[in-house]
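In what follows, every chain begins at residue 1, and chains take the letters A, B, ... in the order their sequences are listed.
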Amino acid sequence: MKKDVSEILRDLLTEALLEIAGERGKTLDEELIVEIERPRREDHGDWATNVALQWAKFLGEKPRILAEDIVRRLEHSEYLKEVKVAGPGFINFVLSDKWISDLLSNVIEKQEDFGRVDVGKGRKVQVEFVSANPTGPLHVGHGRGAAVGDICANILSYAGWEVEREYYINDAGLQMELLGKSVQARYFEICRKPELVTFPEDGYKGAYIYEIADKIREAEGERFLDADPEKSLVFFKDYAISDILKGIKEDLSRFGVVFDVWFSEKSLYEGDAVERTIATLKENGYAYDADGAIWFRSTAFSDDKDRVLVRSNGVPTYFMSDVVYHKNKYDRGFDLVIDVWGADHHGYIPRMKAAVQALGRKPEDLEVLLIQFVNLLRGGEQVAMSTRSGEFVTLREVIEEVGIDATRYFFAMRRSDSHLDFDLDLAKSTSTENPVYYVQYAHARINSIFREAESRGAPLSRDPSEVDVMLLKEPEETALIRQIASFPDEIKKAAEEFAPHRITFFAYELAGAFHSFYNAHRVLGVNEDLEAARLCLTKATKVVLAKALDLLGITAPERM
RNA sequence: GCGCCGGUAGCUCAAUUGGAUAGAGCAUCGGACUACGGAUCCGAAGGUUACGGGUUCGAAUCCUGUCCGGCGCGCCA
C-alpha cells in the first residue's frame, strides 16, 4: 500500500474543508484541521471523523448541514464504498474490499515492519530507567520499572525514534557509606569481633549483606581485623557496590533488559561539570548564595520553593547531581529525555522540570513516567514487604517462580501510573484466566494450523494478490481484519503516550479476535479459494501478533 | 494545612485525550463443533462513571465544591 487509507481520507477531507472555508472567506490552519478515528461500533463504518462538529461553529453552519456539504465535495476514491452522515454530524466511511486486499498483502509483504510508524522522525531519545541504588538486589517494584522502561524503548524505536537505554548508578553519597559500614560490621561479626565495628543505626539489614561479608572473608581472609576500620571502609564499600551491581546486571539481563549505557553518578564529580553548571546557572540568575548554601531559583518556573544545590557544609545535594546529570544528557544531543521513576518521587517533578528550563530546554523535553507500586498477591493475600527490615520479594524470585514472559506481561498489563495487583498464583497458572497464555496460545494455535496445512500439502505461500481475500466476509473475519489494521495506529498512540499497556491490550484483543474466528470457522478443508484467503488472514495475524509480543519482550511460542 | 494522583459492573481494569448505545477479563448462570490444539468459543445478567453544581451540539474525561483512598511537601536519598 503506497499510502495508508487514513492518510487518503485525511487528504480528501482537508481539501473539502479548505474549499468550504475559502468560499466563506475564512482561513483554516491546514495542519490542524482533520481528526480521523476508528469508531468503536462497527456500524459506524471503518473510519469516522468529527470535523463537521468541530468546525461548525467557526464556519457558521449547523453540524449536520456542514457534514453533508463536506460529503458532497469528497472526491471519489477506489477505497471508499460508502460515506454517510450520522448522529449529530459525524461522517462515517465504509471502505471497499480493495482496502482489505491491500491491507493483507501489505502485512505479508512488510512482515514485522507493518506497524512501523514515524512519530519520532529520527529524533534521539534517551530512556533512563530502573536506576536503583546499588544497595541491594532489585525487588518487584524495580522489575515493573524495568519492564515498562524497556517496552517503552522498544515501542519508541519501532515508532521512528533513535533510542538509547541508560541506567544511572547512584554510587555517590551517604547511602554508599552506610552500605560500606553495614558490610564492614557484618564482616567483623562473622570474624567474631563484633565489638570492633558496630552496626550502623540505619544500616542495611538484609541477609544479602551477610553474603557479601562472607565473600570478602573467603577472598581476603581476616586481614582487616588488624587494619584501621576507617581506612578499610573504602574497600568494603567498593566491594559491596560492585558485587551488588553485578547481581543487578545479571537479574536485568536474565529479564531481557539490556542497557546501552551505565552512567555513574560519581563520574559527574570527577571533572568540573558541577562547578560549570553552577556558574552557568548563576550567570543566568537561576542560582544564588544564601545562608551559606547555594540555591536554585526553581520558583522562577512555578515550583513552590527554591531548592538547595550545595549545602552550607559544602556537600552537594542529590538534586545537584540530577541537575548536572540532566545537563549532561542534553549535552549528549538527546531531543527528548525520559525518566522512569517510582511514583513516590512525583513531588520531585516540578523542580526537575524547572531545572530543565533553567538549562535552556523546554519542559516537554523531559518526560517523567511514574511507576506505581506493585501489590504482590499469593492465595488472595497480600505479600508483606518492607524495605526497612530487609524483607522484600526480589525480582529474581518472581522470575524464577512465574517465568519471564508472565512477569513482563503482568508488569505491562496496566497503565504504569496505576497500582498493580500481581497475582502470583494466576501468573504461573496455565488456566484459562491467565492472559499471558491466552495470547501465546493464539500464536501457538496459528502455528499448529500451518503445520497441519503443510502436512496436508496445502499451498502455504500463495501471493496475496492472487488470493481472493474478498471472500472474507464473515463477521469474525472482518473483526480480525479490523484489529490487524489498527496496529500501526495503536503503535502511534503507544509511542505518543509512552504507554506500554496499550500494546498488552492490543495483543490480548488480537488474540481474542483470532480465537473467535478460529472457533467459528475452519481454515483448512474448506474450498480451495476460501482456504487460501483464510490462510492469508491467519498468516497476517501471526505476523502482527508476533511483533506485538516482540515489543513486549515476550516469546511467541510455536507450540506450548 | 498545601500540593499531586486516583475513585468506572461484586472483583481487577479499559475507554482512540471532549464523541455516537461507557467496554473487557474474573466470579455467577446457561450453552457449543466426534473435524485445523477445549489453555478455546457463544450467550445471559451485572452501571445514576463517589456526590452536587457548571462549561457545550456532546462530559467518565474540562472547571468548581464536598466526601473517601494513596503519595508527596528537608541544607534526606
Touch class at under 4.0 angstrom, heavy-atom based, for A/N92 against every strand present: base
Touch class at under 4.0 angstrom, heavy-atom based, for A/A520 against every strand present: nothing
Separation of atom CZ in A/F505 from atom C1' in B/rA14, rounded to whole Å: 5 Å
P gap between B/rU12 and B/rA50, integer Å: 15 Å
Sugar-phosphate, base or nothing in reach of A/Y518, heavy atoms under 4.0 Å: base
Six-ring centre of A/F514, A/R445 cation under 6.0 angstrom, axis tolerance 45°: no
A/V308 side chain, from C-beta outward: closest of B/rU12, B/rU16, B/rC75: B/rC75
Interatomic distance at P, B/rA44 relative to B/rA60, whole Å: 24 Å
Interatomic distance at C1', B/rG30 relative to B/rC71, whole Å: 45 Å
Sugar-phosphate only, base, or nothing, as touched by A/R415 at under 4.0 Å among non-hydrogen atoms: sugar-phosphate
Presence of A/R311 side-chain N/O under 4.0 Å of B/rA77 phosphate oxygens OP1/OP2: yes
Atom pair distance, as rounded to whole Å: CG in A/D344 and P in B/rC71: 10 Å
Evaluation steps, side chain to side chain donor-acceptor pair (under 3.5 Å), between A/H326 and A/D322: CA-CA 6 Å; A/H326 280 76; A/D322 266 345; 4.5 Å; no
Selected nucleotide, minimal atom distance to A/I449 side chain, candidates B/rA20, B/rC36, B/rA39: B/rC36
B/rU61 versus B/rA20 - spacing of their C1' atoms, nearest Å: 16 Å
Proximal nucleotide (of B/rC41, B/rC57, B/rG37) relative to the A/H515 side chain: B/rC41
Aromatic ring of A/F90 stacked on base six-ring of B/rA20, 5.5 Å, 30°: yes
Aromatic ring proximity A/Y325/A/Y168, centre distance under 6.0 Å: yes
P atoms of B/rC26 and B/rG43, separation to the nearest Å: 13 Å
Side-chain heavy-atom pair A/L174, A/Y318 within 4.5 angstrom cut-off: no
Distance, C1' atom - from B/rC2 to B/rA45, rounded to whole angstrom: 46 Å
Polar pair under 3.5 Å, donor/acceptor by atom type, side chain A/S448, base B/rC36: no
Parallel, tilted or perpendicular, as decided by the 30° and 60° cut-offs, for the rings of A/F301 and A/Y286: tilted
Interatomic distance where OH belongs to A/Y438 and P belongs to B/rU12 [whole Å]: 22 Å
Interatomic distance where OH belongs to A/Y325 and P belongs to B/rA77 [whole Å]: 18 Å
Per A/T317 side chain, nearest of listed nucleotides B/rA77, B/rG74, B/rU17: B/rA77
Side-chain donor or acceptor of A/T299 paired with backbone N/O of A/S302 under 3.5 Å: no
Distance in angstrom units between A/M320 CE and B/rA77 P, rounded: 13 Å
Donor-acceptor pair, side chain of A/N133 and main chain of A/T135, under 3.5 angstrom: no
Ring geometry between A/F517 and A/H521 (parallel below 30°, tilted from 30 to 60°, perpendicular above 60°): tilted
RNA chain B: stems of at least 3 consecutive Watson-Crick or G-U pairs whose donor-acceptor distances fall under 3.5 Å: B:1-7 with B:67-73, B:10-13 with B:23-26, B:28-32 with B:40-44, B:50-54 with B:62-66
Candidate nucleotides B/rC75, B/rA77, B/rC57, ranked by approach to the side chain of A/D291 - the nearest: B/rC75
Residue-phosphate contact under 4.0 Å: A/K492 side-chain N/O, B/rU16 OP1/OP2: no
Close side-chain approach of A/S321 to A/Y269, heavy-atom, < 4.5 Å: yes
5' priority, RNA chain B, between A/W295 and A/L420 [closest heavy atom]: A/L420
Nearest-angstrom distance from the residue atom NE2 of A/H419 to P of B/rG7: 11 Å
Touch class at under 4.0 angstrom, heavy-atom based, for A/S418 against every strand present: sugar-phosphate
Sugar-phosphate, base or nothing in reach of A/A56, heavy atoms under 4.0 Å: nothing
Sugar-phosphate only, base, or nothing, as touched by A/M413 at under 4.0 Å among non-hydrogen atoms: nothing
Among B/rC57, B/rC36, B/rU16, the one nearest A/P88 by side-chain distance: B/rC57
Of the listed nucleotides B/rA39, B/rG37, B/rC36, the one nearest the side chain of A/R445: B/rG37
Polar pair under 3.5 Å, donor/acceptor by atom type, side chain A/N50, base B/rG19: yes
Spacing of A/R522 atom CZ relative to B/rU34 atom P, expressed in whole Å: 12 Å
Candidates B/rC36, B/rC75, B/rA77 - which lies nearest the side chain of A/Y348: B/rA77
Sugar-phosphate, base or nothing in reach of A/K62, heavy atoms under 4.0 Å: nothing
Ring geometry between A/Y158 and A/F487 (parallel below 30°, tilted from 30 to 60°, perpendicular above 60°): tilted
Sugar-phosphate, base or nothing in reach of A/S516, heavy atoms under 4.0 Å: sugar-phosphate
Comparing A/P316 and A/A343 on RNA chain B - which has the more 5′ nearest nucleotide: A/A343
Sugar-phosphate, base or nothing in reach of A/H521, heavy atoms under 4.0 Å: base
Aromatic-base stack, A/H346 on B/rG72, cutoff 5.5 Å, angle under 30: no
Donor-acceptor pair, side chain of A/R378 and main chain of A/V383, under 3.5 angstrom: no
C1' atoms of B/rC51 and B/rG7, separation to the nearest Å: 11 Å
Polar side-chain contact A/E497-B/rU17 base: donor and acceptor under 3.5 Å: yes
Glycosidic conformation of B/rU12, taking syn as within 90° of 0 and anti otherwise: anti
Heavy-atom check, side chain of A/V398 versus side chain of A/F422, under 4.5 Å: yes
Whole-angstrom distance between B/rC76 and B/rU49, as gauged at atom C1': 41 Å
Length of the line joining A/Q54:CD and B/rU17:P, which is rounded to integer Å: 9 Å
Touch class at under 4.0 angstrom, heavy-atom based, for A/P63 against every strand present: nothing
